[in-house]
Amino acid sequence: MFYVIHQLIFEKEGVYLHTNAKRSNQDTAIPGFIRIVERDGEGGEEETKFDPGYEPDWAVISTVKQERRQEHPPVREKGQWGSFSLPLSELYSLRRARFSLGRNFLVLTTRGGDPLPPLHFQRGGARELLKYPYIYILLLFLAYPHDSGALSQSFDELHLFDETSADLVSRFIQDPYATTFGGFSKVTNFFRGALPHTHQESPLSNRSPQDAHCPHPADEEPGFELITCVKLGPRPQVKRGKPLDNWDQFLDPEGRVTDPQKVKELVFRGGIVPSLRREVWKFLLGFYPWNSTTKEREDILRVKTDEYFRMKVQWKSVSEEQEMRNSLFRGYRSLIERDVNRTDRHNSFFSGNENPGLALLHDVLMTYCMYNFDLGYVQGMSDLLSPLLFVTQNEVESFWCLTGFMDLVHQNFEESQEAMKQQLLQLSVLLRALDPELCDYLDSQDSGSLCFCFRWLLIWFKREFSFEDILSLWEVLWTRLPCENFHLLMASSILESQKEELIGSNHDFNSILKHINELTMKLDLQSVLCGAEAIYLQLTHCKELPSKVQEVLGLRVPCSSSDESPNSEPKETDTLLAQSEARGVSSCQPFNGQTPQRIPPTYP
């Protein structure tokens with residue numbers, strides 16, 4: 001029989017939890033202390049008694065081994081923080097930061113992306129704490145109980161016990177061990193779930209580069225990434241190029257595109273002249289294969305036209321009586337009619353009443369419901385269609401271009417919103433690597449989740465730029481250069497450009513949201529694109545880039561992803577990186593001296 005032995009490894013008093021790291025007073029600084037508890041041994045039953053060998057003030061320690069339930073570190077409303085506990089298996093990152101008060105803080109972020117309030121070590125000790133995290137499993141911040149009422153409140157916030165009466169407090173003071181052991185199992189039963197079932201990579205583990213993409217053995221400890229301030233080197237200056245203005249030079253005598261990669265690079269660098277958009281967009285969005293001949297494209301158009309009108313007839317033939325018995329179909333139609341009447345009405349193609357453009361917008365969206373009835377129609381899809389319809393001026397072509405666009409972003413519109421949560425988390429990863437100070441400030445104002453960027457990512461900045469700018473932006477993003485998540489680099493570029501305003505004006509949660517919303521139609525697209533590409537080049541030329549950032553940029557394959565096919569297409573970033581080196585912009589070597597690897601899309 002094996003036993004789990006608990007040992008107090010680290011304890012530090014004089015630690016203050018700051019609910020607002022920009023202002024320091026009695027209301028924002030909560031005094032307390034931190035403990036790290038070690039777990040030794042594995043398997044078998046647990047000893048139900050614990051003797052730490054000294055008289056503790058009070059400690060919260062689990063000795064219960066049960067099937068692990070899904071637990072999450074506590075999330076508090078602003079100003080409502082007190083005692084909390086955090087299994088280190090739930091810790092994503094921790095770093096030291098310095099705010100405007102000149103103090104050093106320890107900032108912790110959970111795997112779910114939830115930032116915890118900064119901790120200030122008034123008597124020092126942050127460096128010592130950073131020596132321990134990987135091998136221990138529980139970190140506690142315990143607020144000092146000034147009275148029994150405060151202690152009871154701390155219990156309530158920890159959700160340790162069902163009881164909240166003064167009797168509980170008196171029992172705890174009389175026998176802290178038995179009372180604590182019985183209650184803490186309700187917070188986290190992590191022994192069994194944390195160790196053998198995780199397949200997440202532990203960047204601090206001793207693994208060779210050849211093993212980097214292999215699953216971890218079952219007996220390895222769950223890891224987390226220790227994000228420190230990485231010196232990225234200077235950010236290169238980037239200039240935009242000229243738009244693609246000669247399409248015929250890329251066509252062979254039979255009409256095949258001879259160099260799709262070169263076309264994509266030109267589009268990424270400078271966009272497309274308006275007169276060529278209708279033709280080139282159909283290749284970028286998959287309506288036509290790049291290697292199709294002119295004759296094959298005529299056949300494709302004929303087949304796709306027949307298919308479109310068959311689907312259109314299906315919803316057109318639904319009678320009023322049938323529709324009354326189909327609430328889902330009726331709901332889709334109602335949403336579409338409402339959104340069509342307020343989509344891009346300032347544009348001449350959709351302005352005025354009884355406009356043919358509005359009828360086409362309505363019909364294409366209704367037909368898409370028949371094409372993908374599981375997804376149907378979700379608010380925002382009309383924003384994606386209107387530029388396509390404006391450029392193609394054709395009902396059938398705009399529909400099939402929409403299906404190609406939705407292949408890229410359909411997960412944004414799914415009810416679970418998992419893809420949107422993932423993208424916001426990836427954006428947070430980028431921002432933490434690029435500008436820890438800005439990220440820490442947003443955390444201190446309860447804005448670290450970056451929820452104010454939701455609309456940006458949902459419909460690819462459709463409401464943030466002018467209609468003409470969106471035509472230019474989307475064709476750049478459709479190239480998928482220089483990485484799949486270039487739209488996240490754009491978001492990072494915009495946020496960095498607003499750093500001085502956000503921090504300098506000491507914006508709080510509400511004013512941050514207001515300020516970001518007011519950026520609509522005030523952003524310069526070319527500056528944002530240059531900034532995003534410069535960020536990409538700066539990051540990819542850094543040799544100490546955190547693994548999570550590499551995954552976002554497509555430089556590293558996550559362990560959960562399948563291996564690339566050996567017959568996959570050539571890497572699209574090679575030429576861009578070679579061009580940047582030729583311009584002399586790199587101050588660091590590429591990560592591990594390797595060319596970034598393309599990965600399958602990890603987001604819609």
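Just so it is clear, the structure is predicted and the values come from calculations on it, not from any experiment.
- Side chains of Thr293 and Arg256: no donor on one and acceptor on the other come within 3.5 Å.
- In this structure a side-chain-to-backbone donor-acceptor pair under 3.5 Å is present from Ser492 to Leu488.
- In the model, Ser472 has a side-chain atom that pairs as donor or acceptor with a side-chain atom of Arg277 under 3.5 Å.
- By the side-chain hydrogen bond (donor to acceptor under 3.5 Å, both in side chains) test, Asp339 pairs with Arg342, Tyr377, sequence neighbours left out.
- A perpendicular orientation is assigned to the rings of Phe467 and His346, their planes being inclined by more than 60° (bins at 30° and 60°).
- Residues Trp474 and Phe461 keep their aromatic ring centres 6.0 Å or farther apart.
- Side chain of Thr258 to backbone of Phe250: a donor-acceptor contact under 3.5 angstrom is found.
- Considering all non-hydrogen atoms of both residues, Cys401 and Leu388 come closest at C-CD1, 3.9 Å.
- A donor-acceptor contact under 3.5 angstrom links the side chains of Glu395 and Tyr308, judged on distance only.
- Under the 4.0 Å criterion applied to side-chain N and carboxylate O atoms, Asp259 and Lys264 are not assigned as salt-bridge partners.
- Classified by interplanar angle (parallel below 30°, tilted 30° to 60°, perpendicular above 60°), the ring pair Trp290/Trp247 is tilted.
- Between Phe373 and Phe329, the ring planes lie parallel to each other; the angle is under 30°, not in the 30° to 60° tilted range.
- Side-chain contact check for Gln417 and Asn412: no donor-acceptor pair (N or O, by modelled atom type) lies under 3.5 Å.
- Taking the centre of each ring, Phe486 and Phe268 come in below the 6.0 Å mark.
- Residues that satisfy the ring-ring contact (aromatic ring centres under 6.0 Å, His included) test with Tyr371, not counting sequence neighbours, are Tyr368, Phe399, Trp400.
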